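These notes concern the structure reproduced below.
Computed from a predicted model, the values in this text were never measured in an experiment. Residue numbers begin at 1 in each chain, while the letters A, B, ... track the order of the sequences.
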Amino acid sequence: MGSRRLVRWARYLCFLAALPVSAFADFHLFVYYSTLARPSAIQKMLDEHCRGIQVTVFGRLDDFHAMVSEQKPDAILTIPEVVEGLKGYEPKLKGGHHGSDRDSSLLVGLEPASSPGAAAAVVGLVGSLDREKEEAALRAYIPGSPRFRRVTKVEDLLPLLLFRSVTGIVVTHETLEQFRKRSETKLVVSMEWPSSTGLITLAVRKGQPDAPFISAMRTLDAKGLEMLGIDRWK
Amino acid sequence: MLWPAVAALLASHAGAKDCVLVLRPEGPNFLEAVKGLRSELGTELDVEDAPLKQAGAAEEAAAAKRVHPKAVVLMDNGIIEAWRNVEEKWNDTVAAPPAIAMMAVRVDRTLSGLKNVEGISYEVPGLTIMLLLRSLMEEPVQRVGVVHTAAMTDFVAGAAKWLESEKITLVPIVVGSGGDAAKDVRKAIWQFQNKESVDALWILNDNQYLNMEVVRKGWLPALADFRAPVVVGVENLVTPRIRFGTFAVLPDHYGLGVQAAGLILNLEADGWRMQKPGSVEPPMAVHKILNVKAARERFRMRAEVLEQMDKLLE
């Protein structure tokens, strides 16, 4: 092979290497999961691990729902309660954390701890499901007649509490740990119960092959799993 | 004049659900807030969106009355001012519906004299900003210099009070009161760097000292050797092309819509009676942009927090 031809081949290989993974993508994976990590960071992490899969991470549940209905991706990565609300998708992998398939929810307030069942209790939470269903699920654990304030991002819960717009917020242990690193205000846990929403789940559209998605998820390292709020797949 | 068109749109409203009327200027940020409102209210309340080319008064009242809104969302200072007339006239016969004012400069001041309006401020509070900065930095954040005009003195004093609970002291310097804002800026930055030893600098949005001339003659030369992180409220000032901002924290407009929806759901739960007219909440949702190069130069970053930024500029 002549040297000029070799150079041409080398250039072509460089060109191929420079193309984004999505240029070869045969499969589409849509992702919605509410965590402190922003969608752009989750997108970057999944792009690195999901070769041959075009990944789209959504920051809002509404957008996720709309695009899943419109484009019917081959697979979705979201909480099981959202999967249940979508027709045609079967769970294939479930996330696990500390040996369980759901986290604990904590009701956190400021010191002195407000009574969770007080008439004036207002509880902040990240809205990730139908509002009425979500609030009904929480009322099963939080006594009295609390009102609820929803936010779209986990991080918004801290100012909501610190500015006293609510008397308590519902968070996981990991989120509380992060909030305690940010704020010197004493954050007090008044209640703990099993979360009403499950951990992230991979679901594949019926009739589509699941192997590419399962193997891609299995390649996620500890850091990647942590960004998805889990420590292993079950 | 767009009001007749709005009136026609609203007159066509014949839904069985209660209605929330949104009076707003045109523009993508306002539309984003409406999306946030709809995402929370859409299943149980009709959100009638009325984008306007200009704020009216009498016609506005007419349009609003036709749909008998249970609540009104007012966006932008001009429309809140127009609502003042509407509320006064409306009160002659029957009480005007409660309103939520948002996406306006100093909402707290605009609500003065209004009877049945509460609000969400547009200015991101210092507490939110400094806790985010603290989460990014290995170094402690204890003293923060803040540059502002005299008009924002009460806002800065309010921020200082909230920051006390976080053991953060604000060191304010007022600029722009004399004739030479650029000189004031250079002097303030020198003082922060050499006398006050601040851990960070917070620059409030204000055209009086963030215009092209003052940026060129005041900020850029003064910040060339400034060692602490600089927090700003606009994306243009964190671009790595200029040595200015390190970290920008902006209101998240969709999140503002969701927050307004929360206030409306509270109103609904209270039989559409406003419990605390005149009260103003800070915005809870923000958009965070980090100039990574500047951040690396000015402090030791907690790498794990990078994934929590909405945008990284390198």
For the salt bridge (Lys or Arg N to Asp or Glu O under 4.0 Å) test, which of B/Arg134, B/Arg298, B/Arg300 pairs with B/Glu139?
B/Arg300

So which of B/Thr43, B/Leu263, B/Leu306 has the largest heavy-atom pair count under 4.5 angstrom toward chain A?
B/Leu263

Portion of A/Leu158 that has a non-hydrogen atom of chain B nearer than 4.5 angstrom
side chain

Contact class of A/Glu132 relative to chain B, heavy atoms under 4.5 angstrom
side chain

Does atom CD of B/Glu314 have more than 12 heavy-atom neighbours, drawn from other residues, nucleotides or ligands, at distances under 6.0 Å?
yes

Choice from B/Ser39, B/Gly42, B/Ala261 maximising heavy atom contacts with chain A below 4.5 Å:
B/Ser39

Do A/Thr35 and A/Ile42 come within less than 4.5 Å of each other through their side chains, counting heavy atoms only?
yes

When the 4.5 angstrom heavy-atom criterion is applied to B/Leu312 and chain A, the contacting part is neither

Of the listed B/Ala269, B/Gly255, B/Ser165, the one with the largest count of heavy-atom pairs under 4.5 Å with chain A is B/Ala269

Quick one about A/Ser165 and B/Glu281 (side-chain donor to acceptor, distance below 3.5 Å, no hydrogens or angles considered), yes or no?
yes

Using non-hydrogen atoms only, which part of A/Arg182 is less than 4.5 Å away from chain B: side chain, backbone, both, or neither?
both

Under 4.5 Å from any heavy atom of chain A, what part of B/Glu44 do you find: side chain, backbone, both or neither?
side chain

Within 45° cone and under 6.0 Å: A/Arg60 NZ/CZ vs B/Tyr254 ring
yes

Quick check: does any side chain N or O of A/Ser183 sit under 3.5 Å from a backbone N or O of A/Phe179, one acting as donor and the other as acceptor?
no

Side chain / backbone / both / neither for B/Met309 at chain A, heavy atoms under 4.5 Å
backbone

Turns out that what part of B/Lys288 lies under 4.5 Å from chain A's heavy atoms comes down to side chain

Toward chain B, the part of A/Thr185 with a non-hydrogen atom under 4.5 Å
both

Whatever's closer than 4.5 Å to a heavy atom in chain A on B/Gln259 counts as both

B/Leu136 versus chain A, heavy atoms under 4.5 Å apart: side chain, backbone, both or neither?
neither

Which of the residues A/Gln178, A/Arg150, A/Lys44 is involved in the greatest number of heavy-atom pairs with chain B at under 4.5 angstrom?
A/Arg150

Side-chain donor-acceptor pair present, B/Asp252, B/His287, cut-off under 3.5 Å
no

Engaged part of B/Val141 at the chain A interface, taking heavy atoms whose separation is under 4.5 Å:
neither

Which distance, rounded to the nearest 0.5 Å, do you find between the CD1 of B/Ile120 and the CE of B/Met75?
9.0 Å

Taking the six-membered ring for Trp, is the centroid-to-centroid distance between A/Phe30 and A/Phe58 below 6.0 Å?
yes

Could you check which of B/Thr128, B/Val305, B/Val286 has the highest count of heavy-atom pairs closer than 4.5 Å to chain A?
B/Val286

Nearest 0.5 Å, what's the OH-CG distance between A/Tyr33 and A/Leu61?
13.5 Å

